[in-house]
Amino acid sequence: MTDRGTRLAASTLLVLVGAGAVLVVGWPMGRMAVQALAALTVASTPGLGRAAAFSTALSLVATVAATSLGLALALTARMLPRRGRRLLDAIIGGLLLVPPYTVAAAVVAVGGRGGPFAAVLPDVYGLPGMALAMILAHLPLAYLMVRVAWRGVDPRLVETARVHGARAGEVFRLVLLPPLRGPLGVTAALMFISTLSDPSIPAVLRGRVPTLAHTAYIEVIAWGGEGTASVIAVLLALPVLPLLLALWRRPEPSLLMTRWLGHGASPVLVLPPSPLVTVCRVLSVLVLALVLTLTLTAAAMTIRAQVELVTPAMGAVIVSTVGYAVVALLIAVPLGVLTACASQRAGERTARGVDLLQVSLLLMPDTTLGIAFFLAYGLETPTPWGELPALVGGASLGSGAVALVVAFVAPAVPLVHLAARAGQRRAPQALQETARVLGAGRRRLALQFVLPHAGALVAATAAVVTARNVVSVVPIVFLSTPDAPMVASFALDLLDRASYEQTFALTGVVAVLLAAVGAPAAMAGAAVIGRRGSL
(Lines give C-alpha, C1' and ligand atoms only; values in the text may rest on other atoms or scores of the structure.)
Protein backbone atom coordinates (compact mmCIF):
# COMPACT_ATOMS: atom_id res chain seq x y z
CA MET A 1 0.00 0.00 0.00
CA THR A 2 1.32 3.46 -0.88
CA ASP A 3 1.95 6.16 1.71
CA ARG A 4 -1.15 8.02 0.54
CA GLY A 5 -3.27 4.90 0.90
CA THR A 6 -1.83 4.21 4.34
CA ARG A 7 -2.65 7.70 5.50
CA LEU A 8 -6.16 7.47 4.08
CA ALA A 9 -6.78 4.14 5.84
CA ALA A 10 -5.39 5.51 9.11
CA SER A 11 -7.53 8.65 8.85
CA THR A 12 -10.63 6.56 8.13
CA LEU A 13 -9.97 4.41 11.19
CA LEU A 14 -9.50 7.50 13.37
CA VAL A 15 -12.76 8.99 12.07
CA LEU A 16 -14.67 5.79 12.90
CA VAL A 17 -13.19 5.55 16.38
CA GLY A 18 -13.79 9.27 16.94
CA ALA A 19 -17.43 8.92 15.90
CA GLY A 20 -17.85 6.10 18.41
CA ALA A 21 -16.24 8.23 21.13
CA VAL A 22 -18.62 11.10 20.34
CA LEU A 23 -21.63 8.79 20.65
CA VAL A 24 -20.42 7.06 23.83
CA VAL A 25 -18.84 9.99 25.70
CA GLY A 26 -19.48 13.22 23.81
CA TRP A 27 -23.24 12.91 23.66
CA PRO A 28 -23.65 12.31 27.44
CA MET A 29 -21.32 15.23 28.18
CA GLY A 30 -23.23 17.55 25.85
CA ARG A 31 -26.59 16.48 27.26
CA MET A 32 -25.34 17.05 30.79
CA ALA A 33 -24.13 20.56 29.91
CA VAL A 34 -27.53 21.43 28.40
CA GLN A 35 -29.30 20.06 31.48
CA ALA A 36 -27.02 22.08 33.77
CA LEU A 37 -27.75 25.27 31.83
CA ALA A 38 -31.48 24.59 32.04
CA ALA A 39 -31.21 23.97 35.80
CA LEU A 40 -29.45 27.29 36.32
CA THR A 41 -32.04 29.25 34.34
CA VAL A 42 -35.11 27.57 35.82
CA ALA A 43 -34.35 27.13 39.51
CA SER A 44 -31.77 28.15 42.05
CA THR A 45 -29.49 25.73 43.88
CA PRO A 46 -29.37 26.83 47.54
CA GLY A 47 -26.19 25.98 49.43
CA LEU A 48 -24.21 25.21 46.30
CA GLY A 49 -21.98 28.26 46.68
CA ARG A 50 -21.09 27.30 50.26
CA ALA A 51 -20.29 23.74 49.18
CA ALA A 52 -18.16 25.06 46.32
CA ALA A 53 -16.20 27.33 48.69
CA PHE A 54 -15.54 24.51 51.17
CA SER A 55 -14.56 22.09 48.39
CA THR A 56 -12.19 24.56 46.75
CA ALA A 57 -10.45 25.42 50.03
CA LEU A 58 -10.15 21.76 50.96
CA SER A 59 -8.70 20.80 47.57
CA LEU A 60 -6.20 23.68 47.64
CA VAL A 61 -4.92 22.69 51.09
CA ALA A 62 -4.65 19.01 50.12
CA THR A 63 -2.93 19.84 46.82
CA VAL A 64 -0.30 22.14 48.32
CA ALA A 65 0.45 19.79 51.22
CA ALA A 66 0.60 16.62 49.08
CA THR A 67 2.82 18.30 46.48
CA SER A 68 5.23 19.58 49.15
CA LEU A 69 5.40 16.22 50.91
CA GLY A 70 5.86 14.38 47.62
CA LEU A 71 8.77 16.68 46.75
CA ALA A 72 10.37 16.13 50.17
CA LEU A 73 9.97 12.35 49.92
CA ALA A 74 11.41 12.28 46.40
CA LEU A 75 14.45 14.31 47.44
CA THR A 76 14.99 12.01 50.43
CA ALA A 77 14.72 8.99 48.15
CA ARG A 78 17.43 10.33 45.84
CA MET A 79 19.77 10.61 48.83
CA LEU A 80 19.18 7.00 49.91
CA PRO A 81 21.06 3.89 48.73
CA ARG A 82 19.34 1.88 46.04
CA ARG A 83 17.73 -0.62 48.42
CA GLY A 84 16.37 2.10 50.66
CA ARG A 85 15.15 3.96 47.59
CA ARG A 86 13.26 0.92 46.33
CA LEU A 87 11.75 0.31 49.76
CA LEU A 88 10.46 3.89 49.90
CA ASP A 89 9.09 3.53 46.38
CA ALA A 90 7.27 0.36 47.40
CA ILE A 91 5.75 1.95 50.52
CA ILE A 92 4.55 5.15 48.87
CA GLY A 93 3.66 3.51 45.56
CA GLY A 94 1.73 0.81 47.41
CA LEU A 95 -0.73 3.48 48.55
CA LEU A 96 -2.01 3.53 44.97
CA LEU A 97 -3.69 0.20 45.72
CA VAL A 98 -5.52 1.68 48.72
CA PRO A 99 -8.80 3.39 47.75
CA PRO A 100 -9.48 6.86 49.22
CA TYR A 101 -12.40 5.62 51.32
CA THR A 102 -10.10 3.11 53.04
CA VAL A 103 -7.66 5.88 53.94
CA ALA A 104 -10.59 7.83 55.38
CA ALA A 105 -11.71 4.77 57.35
CA ALA A 106 -8.18 4.36 58.74
CA VAL A 107 -8.22 8.01 59.88
CA VAL A 108 -11.46 7.29 61.73
CA ALA A 109 -9.95 4.14 63.25
CA VAL A 110 -6.99 6.15 64.60
CA GLY A 111 -8.57 9.42 65.69
CA GLY A 112 -12.32 8.84 65.60
CA ARG A 113 -14.58 8.03 68.50
CA GLY A 114 -13.06 5.03 70.23
CA GLY A 115 -9.75 5.37 68.36
CA PRO A 116 -6.48 4.99 70.31
CA PHE A 117 -5.53 8.65 69.72
CA ALA A 118 -8.98 10.20 70.03
CA ALA A 119 -8.07 11.91 73.32
CA VAL A 120 -5.04 13.76 71.95
CA LEU A 121 -6.27 14.53 68.42
CA PRO A 122 -8.87 17.06 67.32
CA ASP A 123 -12.14 15.89 65.87
CA VAL A 124 -11.31 14.11 62.63
CA TYR A 125 -14.75 14.72 61.17
CA GLY A 126 -14.87 17.80 58.98
CA LEU A 127 -12.16 19.69 57.16
CA PRO A 128 -9.10 18.46 59.18
CA GLY A 129 -9.88 14.78 58.74
CA MET A 130 -10.83 15.12 55.08
CA ALA A 131 -7.67 17.12 54.36
CA LEU A 132 -5.46 14.50 56.04
CA ALA A 133 -7.11 11.63 54.17
CA MET A 134 -6.89 13.44 50.82
CA ILE A 135 -3.21 14.27 51.36
CA LEU A 136 -2.30 10.64 52.05
CA ALA A 137 -4.54 9.25 49.29
CA HIS A 138 -3.03 11.50 46.62
CA LEU A 139 0.55 11.65 47.91
CA PRO A 140 1.80 8.81 45.61
CA LEU A 141 0.93 10.83 42.51
CA ALA A 142 3.15 13.75 43.50
CA TYR A 143 5.94 11.48 44.69
CA LEU A 144 6.07 9.33 41.56
CA MET A 145 5.80 12.30 39.19
CA VAL A 146 8.80 13.97 40.84
CA ARG A 147 10.76 10.73 40.88
CA VAL A 148 10.20 10.21 37.15
CA ALA A 149 10.97 13.86 36.36
CA TRP A 150 14.38 13.54 38.04
CA ARG A 151 15.38 10.66 35.75
CA GLY A 152 16.76 13.23 33.34
CA VAL A 153 18.96 14.99 35.91
CA ASP A 154 22.65 14.23 35.36
CA PRO A 155 24.24 13.58 38.79
CA ARG A 156 27.48 15.01 37.42
CA LEU A 157 25.84 18.44 37.37
CA VAL A 158 25.16 18.12 41.09
CA GLU A 159 28.73 17.04 41.76
CA THR A 160 30.09 19.91 39.65
CA ALA A 161 27.94 22.42 41.51
CA ARG A 162 29.18 21.08 44.85
CA VAL A 163 32.83 21.24 43.72
CA HIS A 164 32.31 24.92 42.90
CA GLY A 165 30.96 25.58 46.39
CA ALA A 166 27.22 25.55 45.78
CA ARG A 167 25.10 24.94 48.84
CA ALA A 168 22.21 22.47 48.98
CA GLY A 169 19.65 25.20 48.41
CA GLU A 170 21.50 26.46 45.35
CA VAL A 171 21.85 22.94 43.94
CA PHE A 172 18.13 22.41 44.40
CA ARG A 173 17.23 25.74 42.82
CA LEU A 174 19.64 25.62 39.87
CA VAL A 175 19.89 21.88 39.06
CA LEU A 176 16.97 19.96 40.55
CA LEU A 177 14.10 22.45 40.34
CA PRO A 178 14.16 23.33 36.59
CA PRO A 179 13.13 19.80 35.41
CA LEU A 180 10.24 19.87 37.90
CA ARG A 181 8.47 23.03 36.75
CA GLY A 182 6.28 21.35 34.18
CA PRO A 183 5.67 18.06 36.06
CA LEU A 184 4.90 19.85 39.33
CA GLY A 185 2.37 22.10 37.63
CA VAL A 186 0.63 19.17 35.96
CA THR A 187 0.74 17.14 39.18
CA ALA A 188 -0.78 19.96 41.24
CA ALA A 189 -3.54 20.44 38.67
CA LEU A 190 -4.32 16.71 38.61
CA MET A 191 -4.42 16.49 42.39
CA PHE A 192 -6.69 19.52 42.65
CA ILE A 193 -9.09 18.02 40.11
CA SER A 194 -9.10 14.57 41.74
CA THR A 195 -9.52 15.86 45.32
CA LEU A 196 -12.28 18.23 44.23
CA SER A 197 -14.22 15.44 42.52
CA ASP A 198 -13.77 12.66 45.11
CA PRO A 199 -17.06 11.78 46.87
CA SER A 200 -15.76 8.84 48.94
CA ILE A 201 -13.62 10.63 51.54
CA PRO A 202 -16.39 13.15 52.32
CA ALA A 203 -18.80 10.22 52.57
CA VAL A 204 -16.80 8.99 55.56
CA LEU A 205 -15.37 12.16 57.14
CA ARG A 206 -17.44 15.14 56.02
CA GLY A 207 -19.26 15.68 59.32
CA ARG A 208 -21.44 18.73 58.70
CA VAL A 209 -19.20 20.17 55.99
CA PRO A 210 -20.84 20.05 52.53
CA THR A 211 -18.76 19.23 49.46
CA LEU A 212 -19.63 19.35 45.79
CA ALA A 213 -18.79 15.75 44.89
CA HIS A 214 -20.64 14.22 47.83
CA THR A 215 -23.67 16.42 47.23
CA ALA A 216 -23.81 15.19 43.64
CA TYR A 217 -23.39 11.60 44.82
CA ILE A 218 -26.34 11.93 47.21
CA GLU A 219 -28.50 13.48 44.48
CA VAL A 220 -27.71 10.69 42.02
CA ILE A 221 -28.10 7.66 44.27
CA ALA A 222 -31.44 9.08 45.46
CA TRP A 223 -32.57 9.35 41.80
CA GLY A 224 -33.55 12.95 42.31
CA GLY A 225 -32.11 16.43 41.89
CA GLU A 226 -30.68 15.71 38.44
CA GLY A 227 -30.41 19.42 37.72
CA THR A 228 -28.24 20.00 40.79
CA ALA A 229 -26.08 16.99 39.94
CA SER A 230 -25.52 18.24 36.39
CA VAL A 231 -24.56 21.71 37.64
CA ILE A 232 -22.06 20.20 40.06
CA ALA A 233 -20.64 17.97 37.32
CA VAL A 234 -19.99 21.02 35.14
CA LEU A 235 -18.41 22.90 38.06
CA LEU A 236 -16.08 19.97 38.74
CA ALA A 237 -14.97 19.98 35.10
CA LEU A 238 -14.16 23.71 34.98
CA PRO A 239 -10.66 23.38 36.57
CA VAL A 240 -9.71 21.05 33.72
CA LEU A 241 -10.01 23.82 31.13
CA PRO A 242 -6.86 25.82 32.09
CA LEU A 243 -4.81 22.62 32.18
CA LEU A 244 -6.12 21.58 28.77
CA LEU A 245 -5.32 25.03 27.38
CA ALA A 246 -1.76 24.77 28.68
CA LEU A 247 -1.35 21.30 27.20
CA TRP A 248 -2.77 22.38 23.84
CA ARG A 249 -0.12 25.11 23.69
CA ARG A 250 2.74 22.74 24.50
CA PRO A 251 4.77 21.20 21.67
CA GLU A 252 4.11 17.81 23.24
CA PRO A 253 0.64 17.27 24.73
CA SER A 254 1.59 14.83 27.45
CA LEU A 255 4.46 14.08 29.77
CA LEU A 256 4.18 10.45 28.65
CA MET A 257 5.26 11.53 25.19
CA THR A 258 8.67 12.62 26.50
CA ARG A 259 11.43 10.20 25.62
CA TRP A 260 12.35 7.93 28.50
CA LEU A 261 15.91 8.45 29.75
CA GLY A 262 18.00 5.56 31.00
CA HIS A 263 21.64 6.43 30.48
CA GLY A 264 23.58 4.48 33.05
CA ALA A 265 23.02 3.84 36.72
CA SER A 266 21.55 6.52 38.96
CA PRO A 267 23.93 6.96 41.90
CA VAL A 268 23.06 8.33 45.29
CA LEU A 269 22.54 12.08 45.22
CA VAL A 270 24.98 13.64 47.69
CA LEU A 271 23.98 17.01 49.09
CA PRO A 272 25.80 18.88 51.86
CA PRO A 273 23.99 19.14 55.22
CA SER A 274 21.55 22.01 55.22
CA PRO A 275 18.16 23.00 56.67
CA LEU A 276 16.53 21.94 53.37
CA VAL A 277 17.90 18.39 53.60
CA THR A 278 17.02 18.15 57.29
CA VAL A 279 13.45 19.33 56.73
CA CYS A 280 12.94 16.85 53.88
CA ARG A 281 14.20 13.97 56.00
CA VAL A 282 12.05 14.98 58.98
CA LEU A 283 8.94 15.27 56.79
CA SER A 284 9.70 11.89 55.22
CA VAL A 285 10.00 10.24 58.64
CA LEU A 286 6.74 11.84 59.78
CA VAL A 287 4.89 10.65 56.66
CA LEU A 288 6.21 7.10 57.04
CA ALA A 289 5.31 7.10 60.73
CA LEU A 290 1.79 8.27 59.94
CA VAL A 291 1.36 5.62 57.23
CA LEU A 292 2.68 2.94 59.61
CA THR A 293 0.35 4.09 62.40
CA LEU A 294 -2.72 4.01 60.15
CA THR A 295 -1.76 0.61 58.75
CA LEU A 296 -1.09 -1.00 62.13
CA THR A 297 -4.26 0.44 63.65
CA ALA A 298 -6.36 -0.83 60.75
CA ALA A 299 -4.68 -4.24 60.94
CA ALA A 300 -5.19 -4.46 64.72
CA MET A 301 -8.86 -3.52 64.40
CA THR A 302 -9.33 -6.16 61.72
CA ILE A 303 -7.58 -8.87 63.75
CA ARG A 304 -9.63 -8.10 66.86
CA ALA A 305 -12.91 -8.14 64.93
CA GLN A 306 -15.55 -10.54 66.20
CA VAL A 307 -17.31 -10.76 62.82
CA GLU A 308 -16.72 -12.79 59.70
CA LEU A 309 -14.36 -10.69 57.61
CA VAL A 310 -14.36 -12.33 54.18
CA THR A 311 -17.96 -13.20 53.40
CA PRO A 312 -19.37 -14.92 50.29
CA ALA A 313 -20.91 -11.58 49.27
CA MET A 314 -17.47 -9.97 49.41
CA GLY A 315 -16.00 -12.70 47.22
CA ALA A 316 -18.80 -12.25 44.69
CA VAL A 317 -18.20 -8.50 44.61
CA ILE A 318 -14.46 -8.95 43.94
CA VAL A 319 -15.08 -11.50 41.20
CA SER A 320 -17.71 -9.27 39.59
CA THR A 321 -15.47 -6.17 39.64
CA VAL A 322 -12.43 -8.02 38.28
CA GLY A 323 -14.60 -9.54 35.55
CA TYR A 324 -15.83 -6.14 34.39
CA ALA A 325 -12.30 -4.76 34.55
CA VAL A 326 -10.94 -7.60 32.39
CA VAL A 327 -13.73 -7.20 29.82
CA ALA A 328 -13.05 -3.47 29.65
CA LEU A 329 -9.32 -4.17 29.27
CA LEU A 330 -9.95 -6.50 26.33
CA ILE A 331 -11.81 -3.65 24.63
CA ALA A 332 -9.55 -0.76 25.65
CA VAL A 333 -6.18 -2.28 24.70
CA PRO A 334 -7.02 -2.95 21.02
CA LEU A 335 -8.70 0.45 20.67
CA GLY A 336 -5.78 2.29 22.27
CA VAL A 337 -3.18 0.45 20.18
CA LEU A 338 -5.18 0.98 16.98
CA THR A 339 -5.54 4.72 17.56
CA ALA A 340 -1.82 4.98 18.38
CA CYS A 341 -0.78 3.14 15.21
CA ALA A 342 -3.27 5.07 13.07
CA SER A 343 -2.08 8.36 14.56
CA GLN A 344 1.52 7.59 13.68
CA ARG A 345 0.62 6.72 10.08
CA ALA A 346 -1.79 9.62 9.56
CA GLY A 347 0.86 12.30 9.95
CA GLU A 348 2.38 14.45 12.67
CA ARG A 349 -0.40 17.05 12.80
CA THR A 350 -3.15 14.43 13.01
CA ALA A 351 -1.20 12.48 15.61
CA ARG A 352 -0.86 15.55 17.82
CA GLY A 353 -4.58 16.27 17.57
CA VAL A 354 -5.50 12.70 18.51
CA ASP A 355 -3.04 12.77 21.43
CA LEU A 356 -4.58 15.98 22.71
CA LEU A 357 -8.09 14.57 22.48
CA GLN A 358 -7.01 11.46 24.37
CA VAL A 359 -5.39 13.59 27.07
CA SER A 360 -8.55 15.69 27.31
CA LEU A 361 -10.64 12.59 27.95
CA LEU A 362 -8.10 11.29 30.44
CA LEU A 363 -8.16 14.52 32.46
CA MET A 364 -11.94 14.72 32.65
CA PRO A 365 -13.03 14.14 36.29
CA ASP A 366 -14.49 10.69 36.81
CA THR A 367 -17.34 12.18 38.80
CA THR A 368 -18.32 14.29 35.81
CA LEU A 369 -18.23 11.24 33.56
CA GLY A 370 -20.26 9.20 36.04
CA ILE A 371 -22.97 11.85 36.33
CA ALA A 372 -23.03 12.31 32.55
CA PHE A 373 -23.45 8.57 31.97
CA PHE A 374 -26.15 8.37 34.65
CA LEU A 375 -28.16 11.26 33.20
CA ALA A 376 -27.79 10.06 29.59
CA TYR A 377 -28.26 6.34 30.07
CA GLY A 378 -30.53 6.24 33.13
CA LEU A 379 -33.76 6.35 31.11
CA GLU A 380 -34.84 5.37 27.63
CA THR A 381 -33.80 7.99 25.10
CA PRO A 382 -35.77 8.72 21.92
CA THR A 383 -33.69 8.92 18.74
CA PRO A 384 -34.60 9.24 15.03
CA TRP A 385 -33.95 5.49 14.72
CA GLY A 386 -36.01 4.45 17.75
CA GLU A 387 -35.58 4.48 21.51
CA LEU A 388 -32.19 3.85 23.05
CA PRO A 389 -32.75 1.44 25.97
CA ALA A 390 -31.77 2.42 29.49
CA LEU A 391 -28.29 1.26 30.45
CA VAL A 392 -28.22 2.22 34.15
CA GLY A 393 -30.19 0.33 36.78
CA GLY A 394 -31.12 -3.25 37.51
CA ALA A 395 -33.95 -3.24 34.97
CA SER A 396 -31.77 -1.84 32.18
CA LEU A 397 -30.06 -3.63 29.30
CA GLY A 398 -27.74 -6.28 30.71
CA SER A 399 -28.70 -5.28 34.28
CA GLY A 400 -26.42 -2.25 34.01
CA ALA A 401 -23.42 -4.20 32.69
CA VAL A 402 -23.13 -2.13 29.50
CA ALA A 403 -22.86 1.17 31.37
CA LEU A 404 -20.24 -0.27 33.74
CA VAL A 405 -18.08 -1.51 30.87
CA VAL A 406 -18.38 1.88 29.15
CA ALA A 407 -17.35 3.63 32.38
CA PHE A 408 -14.28 1.39 32.62
CA VAL A 409 -13.32 1.71 28.95
CA ALA A 410 -13.67 5.50 28.66
CA PRO A 411 -10.62 6.45 30.79
CA ALA A 412 -8.67 3.29 29.89
CA VAL A 413 -8.36 3.90 26.14
CA PRO A 414 -6.39 7.19 26.56
CA LEU A 415 -3.93 5.52 28.94
CA VAL A 416 -3.26 2.67 26.52
CA HIS A 417 -3.02 5.09 23.58
CA LEU A 418 -0.46 7.29 25.33
CA ALA A 419 1.56 4.27 26.47
CA ALA A 420 1.68 2.94 22.91
CA ARG A 421 2.71 6.37 21.59
CA ALA A 422 5.44 6.58 24.22
CA GLY A 423 6.68 3.14 23.14
CA GLN A 424 6.74 4.25 19.52
CA ARG A 425 8.93 7.22 20.40
CA ARG A 426 11.11 5.05 22.64
CA ALA A 427 12.04 2.87 19.66
CA PRO A 428 15.41 3.94 18.15
CA GLN A 429 14.55 6.26 15.26
CA ALA A 430 18.00 6.12 13.63
CA LEU A 431 17.92 2.33 13.38
CA GLN A 432 14.42 2.43 11.93
CA GLU A 433 15.48 4.88 9.23
CA THR A 434 18.49 2.74 8.39
CA ALA A 435 16.38 -0.41 8.16
CA ARG A 436 13.81 1.41 6.00
CA VAL A 437 16.56 2.53 3.58
CA LEU A 438 17.80 -1.06 3.37
CA GLY A 439 14.34 -2.20 2.31
CA ALA A 440 12.66 -3.30 5.53
CA GLY A 441 8.87 -3.13 5.33
CA ARG A 442 6.45 -1.62 7.82
CA ARG A 443 5.55 -4.98 9.32
CA ARG A 444 9.16 -5.90 9.95
CA LEU A 445 9.92 -2.50 11.45
CA ALA A 446 6.92 -2.77 13.75
CA LEU A 447 7.80 -6.29 14.91
CA GLN A 448 11.52 -5.75 15.44
CA PHE A 449 11.74 -2.12 16.60
CA VAL A 450 8.40 -0.82 17.89
CA LEU A 451 6.79 -3.89 19.43
CA PRO A 452 9.57 -4.71 21.95
CA HIS A 453 9.29 -1.20 23.42
CA ALA A 454 5.62 -0.37 23.00
CA GLY A 455 4.47 -3.87 23.95
CA ALA A 456 6.10 -3.79 27.37
CA LEU A 457 4.78 -0.31 28.11
CA VAL A 458 1.29 -1.29 26.99
CA ALA A 459 1.44 -4.39 29.19
CA ALA A 460 2.49 -2.32 32.20
CA THR A 461 -0.23 0.21 31.43
CA ALA A 462 -2.79 -2.59 31.13
CA ALA A 463 -1.91 -3.67 34.66
CA VAL A 464 -2.28 -0.08 35.87
CA VAL A 465 -5.62 0.23 34.06
CA THR A 466 -6.92 -2.97 35.64
CA ALA A 467 -5.84 -1.91 39.13
CA ARG A 468 -7.33 1.54 38.61
CA ASN A 469 -10.65 0.11 37.51
CA VAL A 470 -10.87 -2.33 40.40
CA VAL A 471 -10.14 0.23 43.15
CA SER A 472 -11.72 3.29 41.51
CA VAL A 473 -14.68 4.90 43.23
CA VAL A 474 -16.09 6.98 40.40
CA PRO A 475 -17.69 6.77 37.95
CA ILE A 476 -18.63 3.26 39.15
CA VAL A 477 -20.60 4.30 42.24
CA PHE A 478 -22.92 6.35 40.04
CA LEU A 479 -23.73 3.33 37.84
CA SER A 480 -23.51 0.15 39.92
CA THR A 481 -26.65 -1.87 40.67
CA PRO A 482 -27.46 -4.79 43.00
CA ASP A 483 -27.32 -7.11 39.99
CA ALA A 484 -23.81 -5.86 39.15
CA PRO A 485 -22.05 -5.47 42.53
CA MET A 486 -18.81 -3.50 42.53
CA VAL A 487 -16.05 -3.16 45.11
CA ALA A 488 -16.44 0.61 45.56
CA SER A 489 -20.21 0.65 46.08
CA PHE A 490 -20.02 -2.42 48.35
CA ALA A 491 -17.30 -0.75 50.47
CA LEU A 492 -19.30 2.47 50.80
CA ASP A 493 -22.28 0.42 51.97
CA LEU A 494 -20.03 -1.20 54.60
CA LEU A 495 -18.81 2.21 55.75
CA ASP A 496 -22.38 3.47 56.04
CA ARG A 497 -22.90 0.66 58.58
CA ALA A 498 -19.56 1.50 60.29
CA SER A 499 -18.16 -1.92 59.27
CA TYR A 500 -14.58 -0.69 59.17
CA GLU A 501 -13.08 -4.12 59.81
CA GLN A 502 -14.72 -5.64 56.75
CA THR A 503 -13.70 -2.60 54.68
CA PHE A 504 -10.06 -3.11 55.68
CA ALA A 505 -10.30 -6.82 54.92
CA LEU A 506 -11.82 -6.10 51.50
CA THR A 507 -9.06 -3.62 50.69
CA GLY A 508 -6.37 -6.06 51.78
CA VAL A 509 -7.68 -8.90 49.63
CA VAL A 510 -7.99 -6.63 46.59
CA ALA A 511 -4.52 -5.14 47.13
CA VAL A 512 -2.86 -8.56 47.39
CA LEU A 513 -4.69 -9.75 44.28
CA LEU A 514 -3.73 -6.71 42.22
CA ALA A 515 -0.11 -6.78 43.41
CA ALA A 516 0.24 -10.43 42.45
CA VAL A 517 -1.25 -9.90 39.00
CA GLY A 518 0.41 -6.57 38.24
CA ALA A 519 3.96 -7.43 39.30
CA PRO A 520 4.97 -9.19 36.03
CA ALA A 521 3.62 -6.33 33.90
CA ALA A 522 5.38 -3.77 36.08
CA MET A 523 8.64 -5.69 35.66
CA ALA A 524 8.13 -5.68 31.89
CA GLY A 525 7.62 -1.93 31.91
CA ALA A 526 10.73 -1.44 34.04
CA ALA A 527 12.75 -3.55 31.61
CA VAL A 528 11.85 -1.45 28.58
CA ILE A 529 12.32 1.84 30.40
CA GLY A 530 15.80 0.68 31.34
CA ARG A 531 16.94 -1.20 34.39
CA ARG A 532 20.26 0.58 34.31
CA GLY A 533 18.48 3.90 34.49
CA SER A 534 17.19 3.11 37.94
CA LEU A 535 15.31 5.84 39.72
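When a residue number appears, it is its place in the shown sequence, counting from 1. Below, each value reflects all heavy atoms present in this structure, side chains not excepted, and no hydrogens, waters or symmetry copies. Keep in mind that this is a model prediction, so the values were computed, not measured.
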Could you check whether any side-chain N or O of [X] sits under 3.5 Å from a backbone N or O of [Y], counting only pairs where one atom can act as donor and the other as acceptor?
| X | Y | result |
| --- | --- | --- |
| Ser472 | Asn469 | yes |
| Arg206 | Ala203 | yes |
| Thr321 | Val487 | yes |
| Thr368 | Met364 | no |
| Thr195 | Phe192 | yes |
| Thr211 | Pro202 | no |
| Ser59 | Leu196 | yes |
| Ser55 | Leu212 | yes |

Evaluate the criterion side chain to side chain contact (heavy atoms under 4.5 Å, CB included) for residue pair Leu144 and Leu96; output intermediate values, then yes/no. CA-CA 11 Å; Leu144 294 176; Leu96 291 173; 3.6 Å; yes
Testing the basics here: between [X] and [Y], what is the closest heavy-atom pair and its distance to 0.1 Å?
| X | Y | value |
| --- | --- | --- |
| Thr367 | Pro199 | OG1-CD, 4.0 Å |
| Tyr101 | Ala491 | CE1-CB, 3.3 Å |
| Leu88 | Ala77 | CD2-CB, 3.6 Å |
| Leu362 | Pro411 | CD1-O, 3.8 Å |
| Val477 | Val474 | CG2-CG1, 3.6 Å |
| Ala410 | Leu361 | O-CD2, 3.3 Å |

Measure the spacing between [atom1] of [X] and [atom2] of [Y] and express it to the nearest 0.5 Å.
| X | Y | atom1 | atom2 | answer |
| --- | --- | --- | --- | --- |
| Asp89 | Arg147 | CG | CZ | 4.5 Å |
| Leu369 | Leu236 | CG | CG | 11.0 Å |
| Leu479 | Leu404 | CG | CG | 6.0 Å |
| Leu514 | Thr466 | CG | OG1 | 8.0 Å |
| Thr63 | Met134 | OG1 | CE | 9.5 Å |
| Arg421 | Leu418 | CZ | CG | 9.0 Å |

Got [X] and [Y] here, is their nearest side-chain heavy-atom distance under 4.5 Å?
| X | Y | answer |
| --- | --- | --- |
| Leu71 | Leu180 | yes |
| Thr102 | Leu506 | no |
| Leu492 | Tyr217 | yes |
| Val277 | Cys280 | no |
| Phe408 | Ile331 | no |
| Val413 | Gln358 | yes |
| Met130 | Val107 | no |
| Leu243 | Leu190 | yes |

Decide yes or no on salt bridge (charged side-chain N to carboxylate O under 4.0 Å, His left out) for Arg468 and Asp366, but give the supporting numbers first. CA-CA 12 Å; Arg468 179 186 185 276; Asp366 289 340; 2.9 Å; yes
For Ser194, which residues count as a side-chain hydrogen bond (donor to acceptor under 3.5 Å, both in side chains) partner, sequence neighbours excluded? His138
Between Thr67 and Val146, is a side chain to side chain contact (heavy atoms under 4.5 Å, CB included) present by the stated rule, with each step listed? CA-CA 9 Å; Thr67 303; Val146 175; over 6 Å; no
Any donor-acceptor N or O pair under 3.5 Å, side chains His214, Asp198: no
Salt-bridge contact Arg113-Asp123 (side-chain N to carboxylate O under 4.0 Å): no
In sequence, state the C-alpha distance, the side-chain angles, and the governing distance for Leu241 and Leu245, and then conclude on side chain to side chain contact (heavy atoms under 4.5 Å, CB included). CA-CA 6 Å; Leu241 299 180; Leu245 180 61; over 6 Å; no
Please assess Val354 against His417 for the test side chain to side chain contact (heavy atoms under 4.5 Å, CB included), listing each intermediate value before the final yes or no. CA-CA 9 Å; Val354 175; His417 170 91; 3.7 Å; yes
Report all side-chain donor-acceptor pairs from residues 285-297 shorter than 3.5 Å, counting only partners two or more places apart or in another chain.
from: Thr293; atom 1: OG1; to: Ala289; atom 2: O; distance (Å): 2.8
from: Thr295; atom 1: OG1; to: Val291; atom 2: O; distance (Å): 2.7
from: Thr297; atom 1: OG1; to: Thr293; atom 2: O; distance (Å): 2.7

